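Source: prediction; values computed, not measured. Order of the sequence lines sets the chain letters (A, B, ...), proteins ahead of strands, with each chain counted from 1.
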Protein chains: 2
Amino acid sequence: MTQAAQSLPPADAKNSADTRERILDAAEHLFTENGFEGTSMRMITGAAGVNLAAVNYHFGSKEQLIQEVFRRRLTWLNQERLRILDELEAEAAGKPLKPSLIVDAFFGTLIRMAEHEALGGRTFLRLIGRTMTEPSGFIRAFFAEEYAGVVDRYKQALFKALPDVPKAEIVWRFHFMLGATSYAIAGTDALRIVTDWGIEPQEADEGLDKLLPRLMSFLLGGLRAQLPQFES
Amino acid sequence: MTQAAQSLPPADAKNSADTRERILDAAEHLFTENGFEGTSMRMITGAAGVNLAAVNYHFGSKEQLIQEVFRRRLTWLNQERLRILDELEAEAAGKPLKPSLIVDAFFGTLIRMAEHEALGGRTFLRLIGRTMTEPSGFIRAFFAEEYAGVVDRYKQALFKALPDVPKAEIVWRFHFMLGATSYAIAGTDALRIVTDWGIEPQEADEGLDKLLPRLMSFLLGGLRAQLPQFES
DNA sequence: GCTAAATTCAAACGAGTGTTTGAATCATAT
DNA sequence: ATATGATTCAAACACTCGTTTGAATTTAGC
C-alpha cells in the first residue's frame with residue numbers, strides 16, 4: 001500500500017524517466033488538483049512510484065520541490081517571451097510596437113504553451129492560474145523574482161507603445177489582463193464551467209484553440225477601453 | 001499557551017460579540033492569509049480567544065465552518081445583486097438594460113462591498129478572490145449552488161441586452177470578467193502589487209475608490225470588444 | 001573484482017492535524 | 001433555590017504531516 005507495485009504506467013513513449021523527473025511530474029499534477037498544502041509527500045511519492053524519502057534526498061524539502069516544479073516550466077516560458085519580444089523589437093527597428101502584438105506575445109505564449117504536452121501542457125497552466133492568488137509568502141516571492149525581468153521588459157514595451165496613456169493606467173490594466181488570463185486558465189475545464197456557471201455543454205466543450213482568440217479579444221478590449229489613441 | 005489570556009482586543013466598538021461570531025471573524029481573516037488547509041482549528045480558536053472545541057460545538061466541523069464563513073457574506077451580497085437587478089429591470093419596463101448597468105450591478109456591488117467594514121470589507125473580498133481558483137471539491141460545489149440563481153439572472157439580462165451576440169460569447173466574457181475581478185481583488189494590497197510587479201509606490205497606493213472605475217472600464221472594454229452593436 | 005560514491009529503502013521521529021469526551025461552569029426558567 | 005439545558009473547558013483520541021536515520025542496494029570508476 002505504501003507504494004503501489006507499478007504506478008505511473010509508461011504513458012509517454014520515452015519514459016524510463018529517472019526518479020527526479022517522475023517526482024516533478026507527479027507533484028505538478030497533484031499540486032494542480034489539491035493545492036500545495038493539500039498535497040502530501042506520501043501522495044507525491046506514491047503517485048510517482050518512488051520511496052517516500054526520495055523527495056528529501058533529491059530536492060531537500062517540500063518547499064524546494066514546489067520551487068523546482070515551477071522553475072522547470074517558467075524558465076522556458078519566460079525565455080520564450082523574451083525571445084519573441086526581442087524579435088518583434090528588432091523587426092520594428094526602434095518604432096513602438098502594436099499593443100496587440102505585445103499582449104499576444106505575453107499572454108498568447110502562455111496559452112499556446114498548453115499545446116505542448118511535453119511542457120506540462122494544461123496541467124501547468126491550471127497550476128499557474130491557481131497559484132497567482134496563493135497567499136503563501138515564499139511562493140509569491142519566488143514568482144516575483146522569476147518574473148521580474150520579463151514583466152519589466154513588457155511594461156516598458158507597453159509604455160512606449162502607448163505614450164499618451166498614464167503609466168499607472170497601463171500597469172493596472174496589465175494586472176487585470178493577468179487576472180482574466182489566470183482565471184480563464186484555471187477554470188477552463190469544460191466540465192467545471194458547465195457545472196459552475198450553467199453553460200450548455202455543447203457551448204463549453206471547446207478546445208484551447210477557441211479559448212485563445214476569445215480571451216485575446218477580451219484582453220485587447222479591456223486594454224483599449226476609453227483609449228482613443230489606440231491603434232486600429 | 002493553549003488559549004492566550006485575552007486575545008482579540010476589543011478593536012471594534014460594539015464588541016461583546018458571542019463565540020460564534022468571534023470564530024467566524026477570526027476564521028475569515030486567517031483563511032484569507034493562509035488558505036483553508038493552511039489554517040488550523042487551533043489557530044482559529046487561539047485568535048478568537050475561545051476553546052478549541054468551540055468550533056466543533058458551534059459548527060460541527062471545519063468544513064461546515066468554512067461554508068458558514070462564506071454564507072454569512074454571500075447571502076447578503078447575492079440578495080443585494082438580485083435587488084438591484086430587480087430595480088433596474090423595473091425601471092426599464094421590459095426594455096433591455098444597458099450592459100454597463102448590468103456589469104456594474106454585478107461586479108461593482110462586489111467591489112463596493114469592501115467599503116462596508118461591517119460586511120467583512122477587504123478581507124472577505126480577498127478571500128473570495130483566492131477561493132475562485134480553489135480546486136477543493138466541496139467549496140466549488142458550495143459556490144456554484146450559492147451563486148447559481150444570481151448568475152443565471154444576470155446571464156439572462158446580458159442575453160437580452162446583447163441579442164445579436166452569441167450566448168456562448170457572452171458567457172465566456174462574463175467568465176473573463178469574473179477572473180479579472182477576482183484577481184484584481186486578491187492582489188490589490190498596494191504593497192503586494194508593488195513588490196510583485198514593480199509599480200512605483202505612489203502609483204500603487206490608491207484606495208479601492210480608484211480601483212473600481214479602473215476595473216469597470218477594463219471590464220466594459222473587454223465585454224464590448226469587437227461588438228459594434230454595443231451601446232455607446 | 002573491488003572500491004567508493006550515489007541512490008533507494010523500511011522504519012521511526014516529533015510535531016501538528018481535526019475531532020471527541022466527560023466533567024465543570026454558566027444561563028435561564030420554574 | 002433548584003432543576004434543566006446550553007456552553008465552555010482541559011485532556012486525550014487516532015491519525016497524518018514533513019523529515020531523518022542508518023542499513024541495504026545500485027551504479028560508476030579503476
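- The aromatic ring centres of Phe174(B) and Tyr154(B) sit 6.0 Å or more apart.
- Within the 4.5 Å cutoff, side-chain heavy atoms of Leu74(A) are placed close to those of Phe124(A).
- In this structure, Leu65(B) and Leu24(B) have side chains that are in contact, with non-hydrogen atoms separated by less than 4.5 Å.
- Atom pair Gln64(B):CD and dT20(C):P shows a separation of 10 Å (rounding to whole Å applied).
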Each nucleotide N or O in nucleotides 13-18 of chain C that has a protein N or O under 3.5 Å away: list the pair and distance.
| from | atom 1 | to | atom 2 | distance (Å) |
| --- | --- | --- | --- | --- |
| dT17(C) | OP1 | Ser40(B) | OG | 3.3 |
| dG18(C) | OP1 | Lys62(B) | NZ | 2.8 |
| dG18(C) | OP2 | Met41(B) | N | 2.8 |
| dG18(C) | N7 | Arg42(B) | NH1 | 2.9 |
| dG18(C) | O6 | Arg42(B) | NH2 | 3.0 |

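- Put simply, CZ on Arg22(A) is 16 Å from P on dT7(C), counting in whole angstrom units.
- The side chain of Ala53(A) has dT20(D) as its nearest neighbour among dT7(C), dT20(D), dT21(C).
- Comment: Arg73(A) does not engage Glu146(A) in a salt bridge, judged by the lack of any side-chain N to carboxylate O separation of less than 4.0 angstrom.
- Under the 4.5 Å side-chain criterion, counting only non-hydrogen atoms from C-beta, Leu110(A) is in contact with Arg81(A).
- Between Val69(A) and Ile66(A), the closest side-chain pair of non-hydrogen atoms is not below 4.5 Å.
- Under the 4.5 Å side-chain criterion, counting only non-hydrogen atoms from C-beta, Tyr147(A) is in contact with Leu77(A).
- A salt bridge links Glu169(B) with Arg173(B): at least one charged nitrogen is closer than 4.0 Å to a carboxylate oxygen.
- Salt bridge present: Arg83(B) and Glu87(B) bring a charged side-chain N and a carboxylate O closer than 4.0 Å.
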Using a cut-off of under 3.5 Å, enumerate the N/O to N/O pairs linking the protein to nucleotides 24-28 of chain D.
none

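- The backbone N or O of Met216(B) lies less than 3.5 Å from no partner atom in the side chain of Asp104(B), so there is not a single donor-acceptor pair.
- Atoms OH (Tyr57(A)) and P (dA23(D)) sit 17 Å apart, rounded to a whole Å.
- Contact check, Thr19(B) against dT8(D): a side-chain N or O comes under 4.0 Å of OP1 or OP2.
- Atom CG of Asn51(A) and atom C1' of dT8(C) are 6 Å apart (whole Å).
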Strand DNA chain C in bracket notation, Watson-Crick/G-U under 3.5 Å with | for pairs to another chain: .||||||||||||||||||||||||||||.
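- Atom-to-atom, CZ of Phe59(B) to P of dT19(C) comes out at 13 Å; the value is rounded to the nearest Å.
- Between His58(A) atom NE2 and dT19(D) atom P there is a gap of 15 Å when expressed in whole angstrom units.
- The shortest side-chain heavy-atom distance between Phe176(A) and Leu219(B) does not fall under the 4.5 Å cut-off.
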